[in-house]
Asker: 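One structure coming up, written as structure tokens, with questions to follow.
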Amino acid sequence: MFGGKSKTILDRYREALSYLDRCVTFDEAKFREFNRLTGNMFSEADVQNQLRNAQLMIGGMSELQKMLRSNMVEAISTFEKVERQGIDLSKYGL
């Protein structure tokens with residue numbers, strides 16, 4: 001962001017959701033980019049676990065993409081409510 005101001009969790013999650021919505025197909029590289037955009041919400045062990053789980057799911061990586069999108073929408077909604085209550089998310093290392 002401008003002036004060296006770091007992005008809030010809400011900024012990062014909105015950017016990650018936008019990226020996710022632009023993905024026509026979803027694969028490991030795109031999952032890793034999504035994770036990077038969120039501020040690495042998943043550890044490497046979590047990433048590996050999610051990838052293994054996707055192999056077992058009906059719908060595979062496409063289903064993982066849908067689940068991630070649903071979680072992002074819910075998280076963004078929650079953080080927007082927090083901000084509307086006057087809490088400045090930039091004060092927290094989220």
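This is a predicted model, so every value here is computed, not measured.
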Asker: Give the table of side-chain donor-acceptor pairs shorter than 3.5 Å for residues 71-84, with sequence neighbours excluded, one pair per line with atom names and distance.
Answerer:
| residue | atom | partner | partner atom | Å |
| --- | --- | --- | --- | --- |
| Asn71 | ND2 | Met67 | O | 3.4 |
| Thr78 | OG1 | Glu74 | O | 3.0 |
| Glu80 | OE2 | Arg14 | NH2 | 2.9 |

Asker: Please enumerate all residues that pass ring-ring contact (aromatic ring centres under 6.0 Å, His included) together with Phe26, with sequence neighbours excluded.
Answerer: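 Expected list: none.
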Asker: Checking the side chain of Lys30 only, and the main-chain atoms of Thr25 only, is there a donor and an acceptor separated by less than 3.5 Å?
Answerer: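 Yes: the side chain of Lys30 pairs with the backbone of Thr25.
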Asker: Does any pair with a residue in residues 46-68 pass side chain to side chain donor-acceptor pair (under 3.5 Å), and if so which ones, sequence neighbours excluded?
Answerer: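 Side chain to side chain donor-acceptor pair (under 3.5 Å) check on residues 46-68 returns Ser43-Asp46, Glu44-Gln48.
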Asker: If you compare all heavy atoms of Glu15 against all heavy atoms of Leu37, which two are closest, and at what distance to 0.1 Å?
Answerer: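 Answer, listing the atom of Glu15 first, then Leu37: OE2-CD2, 3.4 Å.
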Asker: How many angstroms lie between atom CG of Asn40 and atom CZ of Arg32, to the nearest 0.5 angstrom?
Answerer: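 Taking CG in Asn40 and CZ in Arg32, the distance rounds to 10.0 Å.
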Asker: So, Glu33 and Arg36, do they make that salt bridge, N to O below 4.0 Å?
Answerer: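 Looking at Arg36 together with Glu33, the answer is yes, because their closest N to O distance falls below 4.0 Å.
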Asker: Between Gly39 and Arg12, which heavy-atom pair has the shortest distance, and what is it?
Answerer: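 Minimum heavy-atom contact is CA-NE, 3.8 Å.
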Asker: Rounded to the nearest 0.5 Å, how far does CZ of Phe31 lie from CG of Leu51?
Answerer: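 Leu51 CG to Phe31 CZ: 5.5 Å, rounded to 0.5 Å.
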Asker: Can you find a side-chain donor-acceptor pair between Asp11 and Thr8 that sits under 3.5 Å?
Answerer: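 Their side chains do contain a donor-acceptor pair, which is all the 3.5 Å distance test asks for.
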